[in-house]
Amino acid sequence: EAGVAQSPRYKIIEKRQSVAFWCNPISGHATLYWYQQILGQGPKLLIQFQNNGVVDDSQLPKDRFSAERLKGVDSTLKIQPAKLEDSAVYLCASSLGTSGGEQETQYFGPGTRLLVL
Amino acid sequence: AQSVSQHNHHVILSEAASLELGCNYSYGGTVNLFWYVQYPGQHLQLLLKYFSGDPLVKGIKGFEAEFIKSKFSFNLRKPSVQWSDTAEYFCAVILTDSWGKLQFGAGTQVVVTP
């Protein structure tokens with residue numbers, strides 16, 4: 001079974017530039033998550049989708065971050081404009097659903113390492 | 001606010017030593033519990049999980065964890081570590097009725113020396 005795919009793996013940009021990350025979840029997984037992992041910390045949830053609807057975006061800095069999952073499969077996370085403090089690893093994860101138990105087990109992609117100069 | 005605490009940020013031990021990593025969470029309700037591992041250069045992988053039933057759960061690569069409800073703890077153990085266990089270990093919790101939202105601890109970097 002193919003895992004969660006993400007691209008690019010690495011990205012270096014200057015502050016105030018824009019950047020986009022792509023994620024393809026495990027086939028059949030209805031729920032998709034984007035996390036931000038700053039060095040030395042655990043991942044922090046940015047946004048959660050259930051199919052193509054947003055379940056939770058309370059931690060997403062909406063003035064600069066946006067995300068979409070238009071057809072309920074692939075997702076894109078965008079930062080515009082980027083700030084120095086956005087340097088982090090951006091992780092995508094997916095799960096079957098949110099109905100408890102095994103359904104909620106999340107599987108992670110390799111992440112995109114972003115460096116903002 | 002709910003939180004997940006991992007007791008040690010860094011652990012260094014020799015091969016064949018025993019490993020125990022502490023994890024505590026602050027939430028009085030029902031939880032699902034996870035340990036994830038991140039080997040150098042690799043992505044987060046699920047090590048083991050607990051939903052209900054036997055509080056002692058076994059995962060991959062000889063790891064096990066024990067859920068102690070009264071102590072709000074889910075400590076990870078391995079009786080004899082190998083050099084290949086060098087990695088960062090994350091404890092994570094899903095609270096009931098939180099739509100599957102994972103809350104992570106800060107992680108513990110484990111270095112196993114030959």
Side-chain angles (χ1 to χ4, degrees), chain A residues 1-7 9-10 23-26 29-51 53-60 88-113, chain B residues 1-10 21-25 29-54 57 59-60 67 74 76 87-109:
Chain A
E1 177 182 277
V4 177
Q6 289 187 249
S7 68
R9 294 294 307 277
Y10 305 92
C23 173
N24 182 244
I26 293 173
H29 280 196
T31 313
L32 185 147
Y33 312 78
W34 282 102
Y35 290 86
Q36 181 192 58
Q37 185 177 16
I38 293 173
L39 190 64
Q41 300 179 19
K44 182 188 80 171
L45 181 69
L46 291 175
I47 188 167
Q48 176 183 347
F49 291 93
Q50 180 77 5
N51 296 309
V54 175
V55 174
D56 184 351
D57 64 356
S58 58
Q59 298 298 307
L60 189 73
V89 177
Y90 292 85
L91 299 169
C92 180
S94 69
S95 68
L96 283 168
T98 59
S99 302
E102 190 62 51
Q103 285 242 336
E104 294 185 336
T105 300
Q106 293 183 28
Y107 298 90
F108 286 80
T112 297
R113 189 173 298 273
Chain B
Q2 293 82 21
S3 66
V4 181
S5 300
Q6 292 187 238
H7 304 164
N8 306 95
H9 289 291
H10 294 93
L21 302 181
C23 173
N24 286 89
Y25 61 93
T30 304
V31 294
N32 292 334
L33 298 157
F34 304 82
W35 276 96
Y36 284 87
V37 60
Q38 189 165 28
Y39 298 104
Q42 298 187 27
H43 62 281
L44 272 170
Q45 300 174 36
L46 183 65
L47 202 52
L48 47 76
K49 56 196 172 186
Y50 173 81
F51 302 127
S52 63
D54 188 346
V57 292
I60 60 172
F67 172 50
F74 190 54
L76 181 71
E88 189 155 20
Y89 293 81
F90 292 93
C91 180
V93 174
I94 292 179
L95 312 180
T96 305
D97 299 328
S98 69
W99 290 89
K101 178 178 175 179
L102 261 177
Q103 294 194 40
F104 281 88
T108 299
Q109 181 66 51

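Proteins get letters first, then strands, A, B, ... in listed order; numbering begins at 1 in each. FYI, side chains are in, hydrogens and waters are out, and symmetry mates aren't considered; it's all heavy atoms of this structure.
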Measure the spacing between CD of E104(A) and NZ of K101(B) and express it to the nearest 0.5 Å.
->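 Taking CD in E104(A) and NZ in K101(B), the distance rounds to 13.0 Å.
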Could you tell me how the ring of F67(B) sits relative to the ring of F74(B): parallel (under 30°), tilted (30 to 60°) or perpendicular (over 60°)?
->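 Aromatic pair F67(B)/F74(B) classed perpendicular.
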Aromatic plane relationship, F51(B) with F34(B) - under 30° parallel, 30 to 60° tilted, over 60° perpendicular |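 Perpendicular.
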Heavy-atom count around L39(A) CG within 6.0 Å, excluding the residue itself: above 12?
->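 Counting neighbours around CG of L39(A), 12 or fewer heavy atoms of other residues, nucleotides or ligands fall under 6.0 Å, so no.
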Within a radius of less than 6.0 Å around OH of Y10(A), do more than 12 heavy atoms belonging to other residues, nucleotides or ligands occur?
->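 No, not enclosed.
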Please classify the contact between [X] and chain B as side chain, backbone, both or neither, with a heavy-atom cut-off of under 4.5 Å.
X	result
T105(A)	both
Q37(A)	side chain
Q48(A)	side chain

Contact origin within Y36(B) toward chain A - heavy atom pairs under 4.5 Å =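 Just its side chain gets close to chain A.
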Part of Q45(B) lying under 4.5 Å from any heavy atom of chain A |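 Neither the backbone nor the side chain of Q45(B) comes within 4.5 Å of chain A.
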Between [options], which residue shows the highest count of heavy-atom pairs closer than 4.5 Å to chain B?
options	answer
G109(A), S95(A), G111(A)	G109(A)
P43(A), G42(A), G40(A)	P43(A)
Q106(A), Q41(A), Q50(A)	Q106(A)

Between chain A and each of I94(B), T30(B), L102(B), count heavy-atom pairs under 4.5 Å; write down the option with the most.
->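 Top option by heavy-atom pairs under 4.5 Å: L102(B).
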Can you tell me if Q6(B) uses its side chain to pair, donor with acceptor, with the backbone of G107(B) under 3.5 Å?
->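 Indeed, once roles are kept as given, a pair shorter than 3.5 Å links the two residues.
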Identify the heavy atoms of P110(A) and V4(A) that sit nearest to each other, and give their distance.
->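 The answer is CD-O, 3.5 Å.
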